Amino acid sequence: MRVLIIGSGGREHALAWSIAQSPLLTKLYVAPGNPGTAQVAENVAIRTTNIGGLVEFAVEHKIDLVIPGPEAPLVAGIADALAEKNIPCFGPSAAAAALEGSKTFTKQIADAANIPTATWAGFTHALEAHEYIEATGAPIVIKADGLAAGKGVVVATTPEEAHQAITDIMEDKIHGQAGARVVIEECLIGEEISIFALCDGETALFCGAAADHKRVGENDTGPNTGGMGAIFNPPWATPEIIDESMAKIIRPALAEMSRRGTPFKGFLFAGLMVTAQGPKLIEYNVRFGDPECETVLPMLKSDLLSLLKAATEGRLATVGLEWHPGSSATVVMCAKGYPGAYATGSEIHGLDEAATQQGVHIFHAGTMAEQGGILANGGRVLAVNATGPDLRAALSRAYGAIATIAWEDGFCRRDIGKRAL
Ligand code: AMP
Ligand code: GLY
């Protein structure tokens, strides 16, 4: 098969690394890719939002399967545009991608399908939102309706913070049109997990659970980021919790989307809170998580490409998934200053040596290659994954690899997985 992966982060390097091992693969492209994907595939200089350019490339190069990594091309309709050319795409249509693109839509689906989630109200007028906050008090969660680069959610601990969030989002429009509507919801208490399902429109197959570490600082302090590290199957994701989540949160959403005539195909990612009343939905994403993807895929024993092929052919009900024993952890190395302003262009040494260590996989996220060397070129720069017989071993291997990477302008959290241990 000739495959095109879309994206340039650590998630796409992990997808490319996994798919490159498939016996079904004959040629792998990544657009635009990074120096890591260049080790296992051919990079193509087309931006992830250039839908026309990507479709044209897929047609010209006789691509058999397109795998979009990030949400932006999905929300922009890449799956629909490829369908017009009869090119299979493992990802949802623009209509089904609304599960991530609009928080109001997510809550409406949850209500229609009786999916456990935080109680909520939607607003298009700031005054009414302020009144609702006055009436309910805090803690309370304020969410811009549209995509806001992961920065659209404010967990307000006081009414003042909640009012400020409404002012910022609805009146000062800090996220532009994404904040024209807001969802205000109950603050859920518990432990978070990300669960992943492969979906073919009708059938959902469980494809791993992970715990992300969203805050930039140790002990979960400081601002939110795209994710500073992840661990595979955290102890609070028990088999019972996974089964309940698949039964009450993933499968009903799939059935509701199908009932509406917009079946969901692709990776369905549910962010959940494991509360005293069981798992409750925080949000859906219509793609794999990052750095969760880099954490889950090294544990997958089954051939990913044949699974994705089965999904695009509507055959998921006939296949199963196998896992390697043990555990997996990923620590993200970031440029100093992230998630605020950071410098690019500093040199990173020791990557080859780190990559040869037992169980270690170095996934590139924001790097560039120059004169044989690797330079930092983003906020999240490297996702350092390791597998091992258990979580403690995986973490110790990941931090061991980090110790051999020499990068003065980088940092990472030293406490990934600490709560799980
Ligand atoms: P999101 O940008 O939707 O991933 O949300 C960012 C983070 O906000 C989540 O990972 C949660 O930690 C937190 N969050 C979102 N909704 C809620 C909620 N209803 N209750 C508690 N925390 C929440
Ligand atoms: N790591 C969380 C996400 O990919 O949205």
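Since the structure is predicted, the reported quantities are computational estimates derived from the model, not experimental observations. Each ligand, and each atom within it, is numbered from 1 in the order the structure gives.
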Quiz item: Would you call T312 and C89 a side-chain contact if the rule is heavy atoms closer than 4.5 Å?
Solution: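 They are not in side-chain contact.
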Quiz item: Do the side chains of L351 and I405 get nearer than 4.5 Å, heavy atoms only?
Solution: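 Yes, at least one pair of side-chain atoms sits under 4.5 Å.
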Practice problem: Using the ring pair (Phe, Tyr, Trp, His ring centres under 6.0 Å) rule, take F288 and F267 through it: C-alpha gap first, then chi angles, then the decisive distance, then the call. | Solution: CA-CA 6 Å; F288 223 124; F267 290 112; 4.7 Å; yes
Practice problem: Provide the full list of side-chain hydrogen bond (donor to acceptor under 3.5 Å, both in side chains) pairs with a residue in residues 138-147, sequence neighbours left out, each pair given once. | Solution: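 Qualifying pairs, neighbours excluded: S102-D145, T104-D145, K143-E185.
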List of N/O pairs, ligand 2 versus protein, all under 3.5 Å?
from	atom 1	to	atom 2	distance (Å)
ligand 2	1 (N)	D212	OD2	2.8
ligand 2	1 (N)	G226	O	3.1
ligand 2	1 (N)	D290	O	2.9
ligand 2	1 (N)	E292	OE1	2.9
ligand 2	1 (N)	E292	OE2	3.4
ligand 2	4 (O)	R287	NH1	3.0
ligand 2	4 (O)	D290	N	3.0
ligand 2	5 (O)	R287	NH1	3.4
ligand 2	5 (O)	R287	NH2	2.9

Near [X] [atom1], under 6.0 Å, is it more than 12 heavy atoms from other residues, nucleotides or ligands?
X	atom1	result
R392	CZ	no
E171	CD	yes
E313	CD	yes

Distance-only criterion, 3.5 Å: show the donor-acceptor pairs between side-chain atoms of residues 375-384 and protein atoms not counting sequence neighbours.
from	atom 1	to	atom 2	distance (Å)
R380	NH1	G226	O	3.1
R380	NH1	G227	O	3.0
R380	NH1	D290	O	3.1

Quiz prompt | Charged N-O contact under 4.0 Å between D220 and K418 | solution =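 No, D220 and K418 are not salt-bridged.
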Quiz item: For ligand 1, what is the set of protein residues having any non-hydrogen atom at a distance below 4.0 Å?
Solution: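 Correct list: K103, A118, V141, K143, V153, V155, E185, E186, C187, L188, E192, K214, M273, I282, E283.
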